[in-house]
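Just below is one structure, and these are the notes that go with it.
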Amino acid sequence: MLALIDANHFYVACERVFNPRLEGRPVVVLSNNDGCVVARSPEAKALGLPMGAPWFQCRDLARRHGIVALSSNYPLYADLSARMMAVLGQFSPRQEIYSIDECFLDLTGLERFDPTAYGQAMRRRVQQWLGLPVGVGFGSTKTLAKLANHLAKREPDWAGVCDFGALDAPAQDALLAGLAADAVWGIGPRWAARLRALGIATARDLRDADPQVVRRRFGVVVERIVWELRGVAGLTLEAIAPPKQQILASRSFGRPVAALAELQAAVAHHVARAAAKLRRQHGRAGAVQIWLRPQRDGAASAPPSIAGLLRLAAPSADPAVLTAAATRGVAALYQAGRRYRGAGVMLLELGSAARAQGDWLAPDAAARAAARLAVLDQVNARWGRGTLRLAREGFQQPWAMRQDHRSPAYTTRWAELPVARAG
DNA sequence: TCTGGGGTCCTAGGACCC
DNA sequence: TCTGGGGTCCTAGGACCC
């Protein structure tokens, strides 16, 4: 038995924990650069504000209905996420953190608990300890647990918990028949359209489809979903997160950038962020890929990003080494007179630092570099990210993203701690 | 007229997730 | 004028090996 627990409108819920005035009001949280809507309170959903909508297109609607819009506050969400995962981890020894606001729990061996009551206990504890609303779904496979979680949100009398296996067959059939195929985890709009053309329109149709036909037409991924819907597990719970195979850092600019030095500074900044993530998993990168996103020039189709792959002489997690390569790469891609709207960095060919090969011509170079990086990480852990950085990253950073409606870092910055007053 | 059978590695592209 | 930022897995096809 597996459980899938996720928070409802997680980013909005995090904001409400520290700003109760947002309770009961329509609230949305915007993506980086205040670009589009990435989280909506139920009140905002009820007003018809679509997920993913560009914010500038929603402004009129928002003004008419008094919708509150907030910039993303990732330090806050990441901190509350870590706390939520710790609380939920108390309910099972095996937990897979699947995203910032959801996790799977393996409840094998806990069968003596009534799942529905156990799920209610999870909801109560997260609500009471953190002030976050969560939903819980139980199923014999990951796909069924996901589906149950979805149903728990839809059926008001279930109070946020659904144990799919506890329903009898006719009830399961009726619920699955009421769900479009793309409500199933792993079925996106493309596959849903192709499935519909074959007469497979609902989750029930998909469960009852011929696995061999599905395999021939869609491959093993969709076939596995068919089996998972029948209760045959094809996806395992990954309690230990495997190291990342690629690490990406990218941002749109707050305003268009035309100067080469500014592009190089922005890319150096992304390299620093990506390299810090890489060191956290004790890895090294063998190659760096960078890309620049030119501004649209009126054409209907979006212009391509231009990308360059740079191989390093030896794998590294050193921002100085990686930035040197990236800086040359930017110069090679750069076209004078063009304006760019964003840039990004990807670290590839990741391997473990523990298995890295040394340079016999400079036997102590690796140890010296490691010591330097340790100092870098310690300083930035103590005094804040970016305290110690390459001058190449620049000081003004005029390309930095816009965040016009950001709430304070309530839990991660001393200066921004909330203040409680008596009386 | 008929043209084997078993691999590996790499890249590009497509689909999906939150 | 303004449309995010991360990730994963699978497949197909080409080049190459014996």
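We use all heavy atoms of the structure for the numbers below, so side chains are in, but hydrogens, waters and symmetry mates are not. All chains are named by letter (A, B, ...) in the order of the sequence lines, taking the proteins before the strands, and each is independently numbered beginning at 1.
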So, is A:Gln245 close to the C:dC9 phosphate, meaning a side-chain N or O under 4.0 Å from OP1 or OP2? yes
Contact class for A:Asn33 (heavy atom, under 4.0 Å): base, sugar-phosphate, or nothing? nothing
Side chains of A:Ser407 and A:Asn73: donor-acceptor distance under 3.5 Å anywhere? yes
So, is A:Lys146 close to the B:dC18 phosphate, meaning a side-chain N or O under 4.0 Å from OP1 or OP2? yes
Out of C:dC2, B:dC18, C:dG6, which nucleotide sits closest to the side chain of A:Asp101? B:dC18
Classify the nucleic acid contact of A:Pro256 as base, sugar-phosphate or nothing, counting any heavy atom under 4.0 Å across all strands shown. nothing
Which part of the nucleic acid does A:Arg194 contact within heavy-atom distance under 4.0 Å: base, sugar-phosphate only, or nothing? nothing
A:Arg406, CZ: over 12 other non-hydrogen atoms inside 6.0 angstrom: yes
5'-most by nearest nucleotide on DNA chain C - A:Pro242 or A:Arg59: A:Arg59
A:Glu223 CD to C:dT11 P, straight-line distance once rounded to whole Å: 10 Å
With A:Arg215, the side-chain contact (heavy atoms from CB on, under 4.5 Å) member among A:Val220, A:Val222, A:Val226, A:Val221: A:Val220
Find which nucleotide of DNA chain C each of A:Lys244 and A:Pro54 is nearest to by heavy atoms, and output the residue with the more 5' nucleotide. A:Pro54
Re C:dG6: Watson-Crick or G-U wobble partner, both distances kept under 3.5 Å, found to be B:dC17
